Every structure is written in C-alpha cells, then in structure tokens.
Chemist: 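Can you read through this structure? Questions will come right after.
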Amino acid sequence: MSQYQAVKGTRDIFPEEGAQWKHVESAVHRMASLYGFSEVRTPVFEYTELFQRGIGATTDIVGKEMFTFQPDPAGRSLTLRPEMTAGVMRAALQRNLLSQAPVHKLYYISELFRKERPQAGRQRQFTQFGAELLGASSPAAVAEVVTFMMQVFETLGLSGLRLRINTLGDLEDRARYREALREYFRPYEAELDDSSRERLEKNPLRILDSKNPALREMIAGAPRLFDYVKAEGVEEFERVLRFLDDRGIGYDVDHLLVRGLDYYCHTAFEVTSEALGAQDAIGGGGRYDGLSKELGGKEMPAVGFAVGMERLLIAMEKQGLFATLNPRGPMVYVVVQQSELADHGMEVAFRLRRSGISTEIDLAGRSMKAQMREANRLRAAYALFIGQSEFETGRYGLKNLVTSEQTTLEIGAIIDILRETSVEESQRG
RNA sequence: GUGAUUGUAGCUCAGUUGGUUAGAGCGCCAGGUUGUGGCCCUGGAGGUCGGGGGUUCGAGUCCCCUCAUUCACCCCA
C-alpha cells in the first residue's frame with residue numbers, strides 16, 4: 001500500500017465506474033434540456049456567512065459539518081460549499097438575474113463537502129445534481145421541478161422509490177406550530193432523548209423526524225403541522241398533489257416530513273430508495289421563497305431539489321442497471337511486426353484517427369503476441385497488421401477479431417470498411 | 001462526536017492450539033507458436049502480513065497503543 005491514500009470520506013473513480021457516471025450525467029443533461037433548465041456553475045467555496053445565513057445557524061450542516069478555513073488571518077472566513085442552493089441564490093442576486101427575465105430555470109451537477117463520519121451512501125466529498133427554479137413557486141412550478149426529478153429516475157430505470165411530500169406552511173404558520181409543539185412536548189421533557197430535548201428549544205419541528213422508536217408514540221400524538229397551515233396554503237398544496245396525480249406520479253403525504261434546512265417553506269418532499277441502506281434519501285427539495293430576502297435580496301419565490309449522485313449510482317448498481325453498459329473498445333488496433341516498423345505504424349494510426357476511426361497502437365515496444373493480447377483485452381473490433389511485406393506493398397492485413405477473418409487491403413479500402421462499421425455501431429447506440 | 005467491525009499480493013480471500021524460505025484463485029508478464037488474440041499448458045514477477053511497542057527461544061497468529069476501513073447512531077443527498 002502506498003504511503004498516501006485518499007482523504008477520509010473521498011474516493012477515486014476509475015474508468016469502469018466512470019462510464020456509469022457518464023451514463024447518469026448524460027441522462028441528467030438530456031432531461032434538463034427537455035425541461036428547459038440551463039446549467040449553472042458556481043464556485044466551490046463561498047464566504048462562510050452565506051451558508052450561516054442561508055441554511056440556518058442552528059442546522060447540523062452549519063453547526064458541525066462545514067469545512068471552514070481562513071486563508072488570510074486578517075481576511076474573511078471561507079467555507080467549502082455543503083449544498084448548492086445558497087450559492088446559486090447568491091449568484092442570481094449578484095447578477096440580478098430576475099431583472100433580465102422573471103423566471104429562471106437552472107440546474108447543476110456539482111461536488112459538495114460535509115465533514116461527517118463516512119458510511120454507506122455518505123462521503124465527505126459528494127455530488128448532487130439538482131435544479132433551482134427562481135421567480136416562481138406556484139403549484140405548477142413545484143410540479144415542474146418534481147416531475148423533472150422523477151423523470152430522470154424513470155429514464156434511468158430506477159424502481160423501488162418512494163416520494164413523500166408535505167407542506168410546511170409559511171413562516172407565520174410555522175411559528176404558531178412551533179409554539180404548539182413546545183407546549184405539547186414540554187410535559188414529556190424528561191422522557192425525550194438528549195438531542196430531542198435540545199431541539200425542543202432550538203427547533204422543535206425536527207423532533208418529528210426522530211428515528212428513535214421510543215419516541216414514536218409520543219410523536220404520533222403530537223399536533224399536526226397541517227392543521228396550522230392557512231386555508232390558502234392547504235389549497236395550494238392540494239393543487240400540487242393534483243398536478244402529480246395528473247402526471248401519474250405516486251406519492252405519500254407524510255405529515256411528519258420536515259426538511260432539515262431552514263429555508264424551506266410550504267411544499268417539501270423527499271425521495272427514498274429501498275435499494276439503499278440507512279442513508280436511503282436519494283433526493284429531496286421544496287420551496288424556499290424566503291431565502292432571497294434572507295440573503296438581502298428582494299422577495300423571490302423559488303423551488304428546487306437536489307439528488308445525491310453517489311446514492312443514485314449505488315441504487316442503480318444494486319438493481320443491475322449498469323449490466324448492459326459495456327464499454328466499447330477501439331475500432332482497430334494497429335499491430336507492427338518489429339520495432340523498425342513502429343514509426344510507420346504510428347503514421348497509419350494517425351491517418352485512421354484523422355478519418356474518424358478510433359485507433360489504438362502499442363507504445364511500449366512490446367511483442368506481437370503482446371500487442372494482440374492487448375487488442376483483445378481492449379475489445380478492439382479489428383487488428384491491422386504491418387509487417388515488412390505490408391510496409392513495402394502498402395497492402396495491410398485486416399483481421400476481424402470477432403470472426404477471425406482476415407483480408408489484405410490498401411489503406412483507403414480499410415478506412416472505408418472501418419468507417420462503415422463505426423457508423424453502424426453508433427446507430428446501434 | 002459516539003458505538004461496533006475489519007486491516008495478509010493489483011483484486012477476492014486461506015493461513016490450523018504462536019513453530020521452517022507466508023499461500024490459493026483471478027489479474028499481470030513471458031514462453032509453448034523466431035508474422036497473429038481469445039482456450040489450454042509451463043514458468044515468472046509481485047507481500048515492511050496497516051504502523052509502533054511489548055510478551056516469547058520464536059509473533060501474520062497473544063497483549064497494549066496508533067492509523068486506516070466498513071457499518072450504524074446523529075443528520076442529510
């Protein structure tokens with residue numbers, strides 16, 4: 001083992017797995033363009049206050065999971081982004097996007113950083129793809145975002161998903177509900193676990209999604225957030241549900257679903273996969289109408305979601321969705337008989353490549369047998385032989401490595417054959 | 001941050017109550033075929049047994065410390 005290894009919670013992706021990433025990423029890009037979302041890229045780090053403001057100072061992310069550093073002792077504190085929404089919102093406000101057009105639909109595939117203890121489906125550097133719809137958060141806007149997300153899962157062939165959805169009401173609703181919850185739980189204070197007791201003051205809503213079975217009964221008897229949401233909020237929520245019904249998207253209304261980030265309001269949702277372990281949330285999101293103002297901007301309705309790429313990949317692997325993902329080898333492998341012919345081999349290889357034919361050639365001066373083994377390992381479709389006589393006559397041996405048939409042809413004819421095969425292969429997908 | 005788990009070859013793993021030069025399969029390299037892959041046969045390279053300390057005549061095996069891994073809690077994607 002080498003002296004150095006990847007930092008805790010980070011990992012390397014080698015070509016085999018890289019093909020899986022590419023497959024998923026291209027599905028995301030394709031779906032984004034179908035739904036009219038454009039890609040946005042923001043810096044990997046931001047001023048620390050942005051996250052403290054945006055995500056909320058009492059959240060776990062800000063409280064204990066951020067990679068924060070200060071490059072200049074006299075300068076400002078910086079933080080590796082632990083999520084994307086705050087940064088995207090900052091960028092939108094900085095550019096004054098909404099003065100250019102009232103609605104913007106953005107998406108991203110980006111790396112994030114959280115200083116948590118790694119476990120299955122959780123790393124310190126991880127990747128999310130997500131969308132932020134800025135300037136609207138109507139039921140139609142919510143449905144647009146949820147549908148986009150669910151359709152990505154669908155095209156990838158993922159099954160065993162569960163979409164849970166809830167409404168958190170507006171700030172006022174939640175303030176009233178928070179008080180009601182405190183009143184409800186206070187008599188039980190002694191029976192609560194440590195973290196729940198702490199939340200009682202800070203953020204009692206989070207007691208609701210505690211996994212502690214001992215609290216289950218107590219939580220079941222708690223007042224419902226839904227009952228504190230104003231009539232218009234309820235009506236909007238019902239319209240969201242109707243939109244989903246119309247699209248044939250199944251969901252469960254879960255009155256206990258409370259998202260961990262402070263900026264969510266009204267509709268919130270989460271998707272879990274039965275193919276995952278304890279960390280089974282594969283995606284989540286909701287409305288965050290208040291975030292813009294929190295960051296010093298104007299009122300701006302907004303709704304978005306984020307999906308964990310690593311978790312998505314794990315779930316897909318578990319369900320065998322990569323089984324058919326065979327990497328295609330080069331069209332042709334140029335084999336030279338002896339090292340004196342290597343230069344000529346390179347010349348032929350470059351000519352083939354210029355003609356649009358994927359070509360490989362030995363760069364290590366290995367024996368012919370080794371070259372052939374390599375061609376086979378790479379799954380090259382053809383081998384092109386260059387020996388002394390071929391060099392002299394300009395007619396090369398072309399061997400089909402699947403059928404083992406071999407012919408002798410001039411380079412022009414070879415290019416024609418290989419090009420035709422390339423076209424057929426790309427049409428097959 | 002807490003708990004548990006596991007560290008032996010590139011990978012997956014054997015290694016008996018501590019006892020010779022630490023093994024297998026796969027992979028890799030070479031030869032069998034001095035101009036031709038896959039299958040087969042033969043050979044080869046590759047290991048500070050995670051690291052440090054201790055017990056012992058002797059430690060991959062026992063003890064302590066440490067680092068790392070994995071899973072779970074918390075929370076999230």
Side-chain angles (χ1 to χ4, degrees), chain A residues 1-9 11 14 16 55 58-65 82-85 109-130 149 193-196 198-199 203 206 209-213 258-261 264 269-273 276-285 304-315 329 333-338 341 364 366-391 396-406 408:
Chain A
M1 200 182 296
S2 142
Q3 175 174 186
Y4 294 108
Q5 51 186 305
V7 172
K8 186 204 286 290
R11 57 192 301 265
F14 283 100
E16 198 185 336
I55 302 171
T58 65
T59 60
D60 281 11
I61 292 179
V62 171
K64 56 181 194 190
E65 295 172 6
E83 59 102 50
M84 279 299 282
T85 304
I109 300 178
S110 300
E111 281 71 42
L112 306 176
F113 306 85
R114 267 131 81 161
K115 198 167 58 192
E116 300 179 274
R117 196 76 165 261
Q119 74 184 78
R122 168 190 285 160
Q123 296 164 229
R124 291 183 156 194
Q125 175 179 331
F126 62 105
T127 312
Q128 288 185 344
F129 89 81
M149 176 179 75
D193 54 47
D194 290 350
S195 64
S196 293
E198 198 178 316
R199 288 182 199 146
N203 194 349
R206 300 247 309 278
D209 55 17
S210 169
K211 281 185 197 163
N212 187 344
V258 203
R259 308 271 316 154
L261 284 55
Y264 287 116
F269 52 89
E270 185 169 302
V271 179
T272 52
S273 163
L276 296 176
Q279 306 304 321
D280 63 350
I282 204 166
F305 72 82
V307 167
M309 292 285 278
E310 286 82 0
R311 291 184 186 178
L312 181 56
L313 278 272
I314 291 169
Y333 195 101
V334 175
V335 175
V336 298
Q337 185 197 345
Q338 351 144 20
L341 296 168
R366 301 153 82 196
S367 71
M368 230 173 140
K369 179 173 179 142
Q371 293 177 56
M372 282 304 286
R373 239 197 330 259
E374 182 71 3
N376 196 57
R377 184 180 15 242
L378 293 174
R379 297 196 221 208
Y382 290 88
L384 186 157
F385 293 101
I386 305 179
Q388 194 54 38
S389 63
E390 285 84 350
F391 174 62
Y396 305 102
L398 183 68
K399 181 173 189 174
N400 182 319
L401 291 179
V402 177
T403 64
S404 293
E405 286 168 54
Q406 187 166 339
T408 304

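Just so you know, these numbers come straight off a predicted model, no measurement behind them. Within every chain, numbering begins at 1; the chains are lettered A, B, ... in the order of the sequence lines, protein sequences first and strands thereafter.
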Chemist: Applying a 4.0 Å non-hydrogen cut-off, can you work out what A/Gln371 is touching in the nucleic acid: base, sugar-phosphate, or nothing?
Modeler: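 The answer is nothing, as A/Gln371 stays clear of every strand by at least 4.0 Å.
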
Chemist: Could you give the distance from CG (A/Asp280) to CD1 (A/Ile314), rounded to the nearest 0.5 Å?
Modeler: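 The CG atom of A/Asp280 sits 11.5 Å away from the CD1 atom of A/Ile314.
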
Chemist: Once you apply the 3.5 Å cut-off to both distances, tell me the Watson-Crick or G-U wobble partner of B/rC29, or none.
Modeler: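 Partner of B/rC29: B/rG43.
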
Chemist: Let's test this: given Watson-Crick or G-U wobble pairing with both distances under 3.5 Å, identify the partner of B/rG3.
Modeler: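 Partner of B/rG3: B/rC71.
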
Chemist: Just to be sure I understand the rule, does A/Glu116 reach a base, reach only the sugar-phosphate, or reach nothing, if contact means heavy atoms closer than 4.0 Å?
Modeler: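 Touches a base.
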
Chemist: For A/Gly397 and for A/Ala370, locate the closest nucleotide of RNA chain B by heavy-atom distance; then report the residue assigned to the nucleotide nearer the 5' terminus.
Modeler: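 Closer to the 5' end of RNA chain B: A/Ala370.
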
Chemist: Considering only B/rC74, B/rG35, B/rU2, which nucleotide approaches the side chain of A/Met368 most closely?
Modeler: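 Looking only at heavy atoms from C-beta outward on A/Met368, the closest nucleotide is B/rG35.
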
Chemist: Output the rounded distance in Å from NZ (A/Lys369) to C1' (B/rA30).
Modeler: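 Taking atom C1' of B/rA30 as the reference, NZ of A/Lys369 is at 8 Å.
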
Chemist: Please state the P separation for the pair B/rG47 and B/rG23 - nearest whole angstrom.
Modeler: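 14 Å, rounded to whole Å.
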
Chemist: Between A/Glu116 and A/Arg122, is there a side-chain N and carboxylate O pair less than 4.0 Å apart?
Modeler: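 Here A/Glu116 pairs with A/Arg122 in a salt bridge, since their nearest N and O are under 4.0 Å apart.
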
Chemist: Distance criterion of 3.5 Å, no angle test: do you see the side chain of A/Gln388 paired donor-to-acceptor with the base of B/rG35?
Modeler: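 Side chain to base: no pair present.
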
Chemist: Which whole number of Å gives the distance between the C1' atom of B/rG10 and that of B/rG19?
Modeler: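 Each nucleotide's C1' atom is 31 Å from the other's.
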
Chemist: How far does the C1' atom of B/rU66 sit from the matching atom of B/rA72, given to the nearest Å?
Modeler: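 So the two C1' atoms sit 23 Å from each other.
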
Chemist: If the C1' atom of B/rG46 is compared with that of B/rC28, how far apart are they to the nearest Å?
Modeler: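 About 9 Å, rounded to a whole number of Å.
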
Chemist: Starting from P on B/rA77, measure out to CZ on A/Phe269 and report it in whole angstrom.
Modeler: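 These atoms are roughly 11 Å apart.
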
Chemist: Which of the following nucleotides, B/rU36, B/rG37, B/rC29, is nearest to the side chain of A/Arg377?
Modeler: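 For the A/Arg377 side chain, the nearest candidate turns out to be B/rC29.
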
Chemist: By nearest atom, which of the nucleotides B/rG31, B/rA72, B/rC29 is closest to the A/Ser367 side chain?
Modeler: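 Of the options given, the side chain of A/Ser367 lies nearest B/rG31.
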
Chemist: A/Phe14 CZ to B/rC11 P: how many Å, rounded?
Modeler: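 Whole-Å distance recorded here is 11 Å.
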
Chemist: With side chains defined as the heavy atoms from C-beta onward, is the minimum distance between A/Arg124 and A/Lys8 less than 4.5 Å?
Modeler: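 They are in side-chain contact.
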
Chemist: Between B/rG18 and B/rU56, how far apart are the C1' atoms? Round to whole Å, please.
Modeler: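 My reading of the C1' atoms in B/rU56 and B/rG18 gives 9 Å.
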
Chemist: Nearest whole Å is fine: how far is B/rG50 C1' from A/Gln5 CD?
Modeler: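 That distance rounds to 9 Å.
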
Chemist: Could you tell me whether A/Ser389 contacts a base, only the sugar-phosphate backbone, or nothing, with contacts defined as non-hydrogen atoms closer than 4.0 Å?
Modeler: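 Counting heavy atoms under 4.0 Å across all strands, the contact made by A/Ser389 includes a base.
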
Chemist: Ignoring the backbone of A/Ala281, work out which of B/rU36, B/rC73, B/rA77 is nearest its side chain.
Modeler: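 Output: B/rA77.
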
Chemist: I'd like the P distance from B/rG27 over to B/rU42, given in whole Å.
Modeler: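 Per the computed distance, 15 Å lies between those P atoms.
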
Chemist: Counting heavy atoms from C-beta on, name the nucleotide in B/rG35, B/rA72, B/rC28 closest to the side chain of A/Arg117.
Modeler: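 So the side chain of A/Arg117 is nearest to B/rA72.
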
Chemist: Do A/Gln388 and A/Leu341 come close enough that some side-chain heavy atom pair is under 4.5 Å?
Modeler: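 A side-chain contact exists here, since the closest heavy-atom pair is under 4.5 Å.
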
Chemist: Answer with base, sugar-phosphate or nothing: what part of the nucleic acid does A/Leu401 contact at a heavy-atom distance below 4.0 Å?
Modeler: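 Here A/Leu401 touches the bases of the nucleic acid.
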
Chemist: Can you check the distance between B/rA4 and B/rC49, where both ends of the measurement are the P atom (answer in whole Å)?
Modeler: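 Going atom to atom, P in each nucleotide, I get 28 Å.
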
Chemist: For a side-chain contact (heavy atoms from CB on, under 4.5 Å) with A/Arg311, tell me which candidate from A/Thr127, A/Ile282, A/Thr272 qualifies.
Modeler: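 Among A/Thr127, A/Ile282, A/Thr272, the one that satisfies the side-chain contact (heavy atoms from CB on, under 4.5 Å) with A/Arg311 is A/Ile282.
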
Chemist: Is the phosphate of B/rA77 approached by A/Gln123 (side-chain N or O, under 4.0 Å from OP1 or OP2)?
Modeler: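 A/Gln123 to B/rA77 OP1/OP2: no side-chain N or O under 4.0 Å.
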
Chemist: How many Å lie between CG on A/Asn400 and C1' on B/rG38, as a whole number?
Modeler: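 Result: 13 Å.
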
Chemist: Given the side-chain rings of A/Phe305 and A/Phe129, with only the six-membered ring counted for Trp, is the space between their centroids under 6.0 Å?
Modeler: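 Yes, the ring of A/Phe305 comes within the 6.0 Å limit of the ring of A/Phe129, centre to centre.
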
Chemist: side-chain contact (heavy atoms from CB on, under 4.5 Å) for A/Ile109 and A/Met309? Distances and angles first, verdict last.
Modeler: CA-CA 9 Å; A/Ile109 300 178; A/Met309 292 285 278; 4.2 Å; yes

Chemist: Looking only at the side chain of A/Ala278 (C-beta and beyond, no hydrogens), which of the listed nucleotides B/rG37, B/rC73, B/rG35 gets closest?
Modeler: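 Looking only at side-chain atoms, A/Ala278 lies closest to B/rC73.
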
Chemist: Pick base, sugar-phosphate or nothing for A/Ala380, based on heavy-atom distances below 4.0 Å to the nucleic acid.
Modeler: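 It contacts nothing in the nucleic acid.
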
Chemist: Roughly how many Å is it from CZ in A/Arg206 to C1' in B/rC74, rounded to a whole number?
Modeler: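 Between C1' of B/rC74 and CZ of A/Arg206: 10 Å.
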
Chemist: Students often get this wrong, so: under 4.0 angstrom with heavy atoms, is A/Gln279 touching a base, only sugar-phosphate, or nothing?
Modeler: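 Answer is base: heavy atoms of A/Gln279 come under 4.0 Å of a base.
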
Chemist: Using atom CD of A/Glu374 as one end and atom P of B/rG38 as the other, report the distance to the nearest whole Å.
Modeler: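 For the pair A/Glu374 CD and B/rG38 P, the rounded distance is 13 Å.
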
Chemist: For the residue pair A/Gly121 and A/Gln279, what are the closest heavy atoms and their distance?
Modeler: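 The pair with the smallest heavy-atom distance is O-CB, 4.3 Å.
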
Chemist: If I pick the C1' atom on B/rC74 and the same atom on B/rG58, what distance separates them, to the nearest angstrom?
Modeler: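 The same atom, C1', in both gives a distance of 48 Å.
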
Chemist: So, A/Phe126 and B/rA77: ring centres less than 5.5 Å apart, planes less than 30° off, yes or no?
Modeler: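 Ring-base stacking flag set for A/Phe126 and B/rA77.
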
Chemist: For B/rG38, does the base pair up with any side-chain atom of A/Asn376 as donor and acceptor (N or O, under 3.5 Å, distance only)?
Modeler: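 In this structure, the two groups form no donor-acceptor pair.
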
Chemist: In whole angstrom, give the distance that lies between atom NZ of A/Lys115 and atom P of B/rU2.
Modeler: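 In whole Å, B/rU2 P and A/Lys115 NZ are 14 Å from each other.
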
Chemist: Would you say that A/Glu405 contacts A/Lys399 through its side chain, given a criterion of any heavy-atom pair below 4.5 Å between the two side chains?
Modeler: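 A/Glu405 vs A/Lys399: side chains apart.
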
Chemist: So, is A/Gln119 near the phosphate of B/rA72, with a side-chain N or O under 4.0 Å from OP1 or OP2?
Modeler: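 For A/Gln119, the contact criterion (side-chain N or O under 4.0 Å from OP1 or OP2 of B/rA72) is met.
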
Chemist: Which nucleotide in the set B/rG38, B/rC73, B/rC29 lies at the smallest distance from any side-chain heavy atom of A/Arg122?
Modeler: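 Given the options B/rG38, B/rC73, B/rC29, the side chain of A/Arg122 is closest to B/rC73.
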
Chemist: Would you say B/rG35 has OP1 or OP2 under 4.0 Å from some side-chain N or O of A/Gln337?
Modeler: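 The answer is yes; a side-chain N or O of A/Gln337 sits under 4.0 Å from OP1 or OP2.
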
Chemist: Considering every strand and a 4.0 Å limit on heavy-atom distances, what is the contact class for A/Gly121: base, sugar-phosphate, or nothing?
Modeler: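 Base contact.
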
Chemist: So what does A/Glu390 hit on the nucleic acid, given a heavy-atom distance under 4.0 Å: a base, only sugar-phosphate, or nothing?
Modeler: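 Base contact.
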
Chemist: At 4.0 Å (heavy atoms only), tell me whether A/Ala120 reaches a base, stays on the sugar-phosphate, or touches nothing.
Modeler: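 Answer is sugar-phosphate: A/Ala120 comes under 4.0 Å of backbone atoms only.
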
Chemist: Could you check which of B/rG37, B/rC74, B/rG35 has an atom nearest any side-chain atom of A/Lys64?
Modeler: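 For the A/Lys64 side chain, the nearest candidate turns out to be B/rC74.
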
Chemist: Look at all strands and tell whether A/Arg366 reaches a base, only sugar-phosphate, or nothing, counting heavy atoms closer than 4.0 Å.
Modeler: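 If one applies the 4.0 Å heavy-atom cut-off, A/Arg366 turns out to touch the sugar-phosphate alone, with no base involved.
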
